[in-house]
Amino acid sequence: MKHSFLDRYSDLDSPVHRIDPRARLIAAFSAIVIIVSEPHGRLLPFAFYGIIILFMTAMTRIPPGFILKRCLAVSPFIIIAAVSYPLSVPGAGVVENGYLLTEGVRSGLTIFLKAFFALVLLILLTSTGKFHRLLAGFRKLGMPRLLGVISALMYRYVFILHDELLRTSRARDSRTPGAIRTSRVRVYGNQAAMIFIRSLERSQVVYNSMLSRGFAGEFPDMDKLRVRAGDVLPAGFFILLLLTVRIISQPLTERLFN
Amino acid sequence: MIYICFNINPPMHISDGIIDTNICIAANVAAIGLVWVAGRKTPPGDVPKMGMTAAALFVASLIHFPLAGTSVHLGLFGVAGIILGKRAFPAVFAALLFQSLVFQHGGLVTLGVNSINMGAGALFAWLVWRIRRVNERVRAFLAGMLGVAVPVLLMVAEFRLSGYGSRILYLLGVYLLVAILEGFITLAAAGLFRRVRPEMLD
């Protein structure tokens, strides 16, 4: 059972790792909203965002290679969106009077940068603390109770089901080697169904044992979360910094380029 | 275009920064509302089933089906709709929260948009599944297909609302093939449920 895929590098020690998950969550969410709400076509503010995020990344001591590899896995979607924007919007041509950096291309670039920075912030959020503490942070911030219980259950069983996936995949591959045939669709369907059936059977057993141990509909949080000034101040400073860039970038761009 | 899209695994979950922020915020509010509506009066015994199905949904989406020299990962929102009915929505939301946090498939601010897209797929699958007069195999196939087709239609609408041009509609062609594939996968899955655990289907 390997579970480091959930929160690798969460046990590093850095100033960011020590911040309360709720503060990190709010900071990451606000930062992403600030960055993605930037209008299309202005590139200057992204230079500042880039510097701030780079500085943050360095502070967390998470290897940049890890972050980039993660980003690469999701990049097809981002690249399709960023490329298709200038290509699909009428009038937003790729080349205009011999210039490549047209309105459309700049818009595509901002889409790419927004998505990339949001991705890095999301990776930093999950890699700078234990995953279950992050979930506890969500619950404390008022996530609906039902979702809280579902995600707590998921956290406990996703590893076991992942093992189930590896086992069923091994069984599948050893029984249907070789070329792709249409009959394989059925094999894959059966595998998916098997995972659902086994998960359901297990959930019944788990639920019975939970009831017999006095489960009353809510998981107790083992480690108490406490918000201190040391959590609020850096998170607030980070949000304020990005907000400042967001606000001053428009007049600054106008002054520099017009 | 179609070949390129296939070669890089058709993306289903929208990342942050791709579509309009106002749409994202509105969708987050709507998604939380839907979680509340769909999860209201859940019998306590159903909660573990929802948690497990969410975990299974998360894990099953890691199954890659080889197709045209590349691979397509399964969504299985149709299967979730068949098993959980309207309670699939909170499970889909939780599964997407995990996918967003763990693999960054889909963003944090776009979580609402993605869960409405995929959750709608599961809900439509459930609606089709409830038409008992139709042959079960046909229902299963349609449920699986809608589990992909409905999210894609919503996705195209969101892209259009965010200012993308009409050529984004090309995506539809690519996803139609994926939807048919999911239809067959769901058909096989429902067949196995019928043979092994028929109570899951009723």
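So you know, we letter chains A, B, ... as the sequences are listed, proteins then strands, and number each from 1. Values reported hereafter were calculated over all heavy atoms of this structure, with side chains retained and with hydrogens, waters and symmetry mates removed.
Going from atom CG of A/Leu165 over to atom CZ of B/Phe58 covers 10.5 Å, rounded to the nearest 0.5 Å. If you take CG on B/Leu111 and CZ on A/Phe29, they are separated by 9.0 Å, rounding to the nearest 0.5 Å. Taking OG of B/Ser15 as the reference point, atom NZ of A/Lys114 lies at 13.0 Å (rounded to 0.5 Å). The CG atom of A/Leu161 lies 9.5 Å from the OG1 atom of B/Thr53; values are rounded to the nearest 0.5 Å. Atoms CE and CG, from A/Met154 and B/Leu57 in turn, are 8.0 Å apart once rounded to the nearest 0.5 Å. Distance CD1/B/Ile83 to OG/A/Ser199: 7.0 Å, rounded to 0.5 Å.
Contacts of B/Val79 with chain A are made by side-chain atoms alone, with heavy-atom separations under 4.5 Å and no backbone atom involved. Only the side chain of B/Thr42 comes within contact range of chain A, with at least one heavy atom under 4.5 Å from a heavy atom of that chain. Of the two parts of B/Ser100, the backbone and the side chain both hold a non-hydrogen atom closer than 4.5 Å to a non-hydrogen atom of chain A. In this structure, chain A has heavy atoms under 4.5 Å from both the backbone and the side chain of B/Met50. Using a 4.5 Å cut-off between heavy atoms, A/Ser169 makes no contact with chain B at all. In this structure, no portion of B/Ile19 lies under 4.5 Å from any heavy atom of chain A. Both the backbone and the side chain of A/Ile150 come within contact range of chain B, with heavy atoms under 4.5 Å apart. With a threshold of 4.5 angstrom between heavy atoms, B/Asp46 does not approach chain A through any atom at all. Only the side chain of A/Met143 comes within contact range of chain B, with heavy atoms under 4.5 Å apart.
The shortest distance between side-chain heavy atoms of B/Val102 and A/Val158 does not fall below 4.5 Å. Residues A/Tyr188 and B/Leu181 form no side-chain contact, since every pair of their non-hydrogen atoms from C-beta on lies 4.5 Å or further apart.
For chain B, the option among A/Leu135, A/Leu147, A/Leu211, A/Leu200 with the highest count of heavy-atom pairs below 4.5 Å is A/Leu147. Ranked by heavy-atom pairs under 4.5 Å with chain B, the list A/Val33, A/Leu122, A/Ile35, A/Thr126 is led by A/Leu122. The most heavy-atom pairs under 4.5 Å with chain B, out of A/Leu119, A/Leu121, A/Ile123, come from A/Ile123. Between chain A and the options B/Gly39, B/Ala54, B/Ala60, the largest number of non-hydrogen pairs under 4.5 Å is found for B/Ala54. Counting heavy-atom pairs under 4.5 Å between each of B/Pro48, B/Ala189, B/Ala55 and chain A puts B/Pro48 at the top.
Here the closest heavy-atom approach between residue B/Asp16 and residue A/Ala118 is recorded as CB-CB, 3.4 Å.
Atom CZ of B/Phe184 is surrounded by 12 or fewer heavy atoms from other residues, nucleotides or ligands within 6.0 Å.
For A/Arg167, the side chain to side chain donor-acceptor pair (under 3.5 Å) criterion is met by A/Glu164, not counting sequence neighbours.
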Candidate pair B/Phe98 and A/Phe131, rule ring pair (Phe, Tyr, Trp, His ring centres under 6.0 Å), full reasoning: CA-CA 10 Å; B/Phe98 266 62; A/Phe131 197 73; 5.1 Å; yes
Audit row: B/Leu97, A/Phe138, side chain to side chain contact (heavy atoms under 4.5 Å, CB included) steps and yes/no: CA-CA 11 Å; B/Leu97 173 69; A/Phe138 269 107; 3.8 Å; yes
Donor-acceptor pairs under 3.5 Å, side chain of residues 145-161 of chain B to any protein atom, not counting sequence neighbours: which ones?
{"residue": "B/Glu158", "atom": "OE1", "partner": "B/Asn117", "partner atom": "ND2", "Å": "3.0"}
{"residue": "B/Arg160", "atom": "NH1", "partner": "B/Tyr164", "partner atom": "O", "Å": "3.1"}

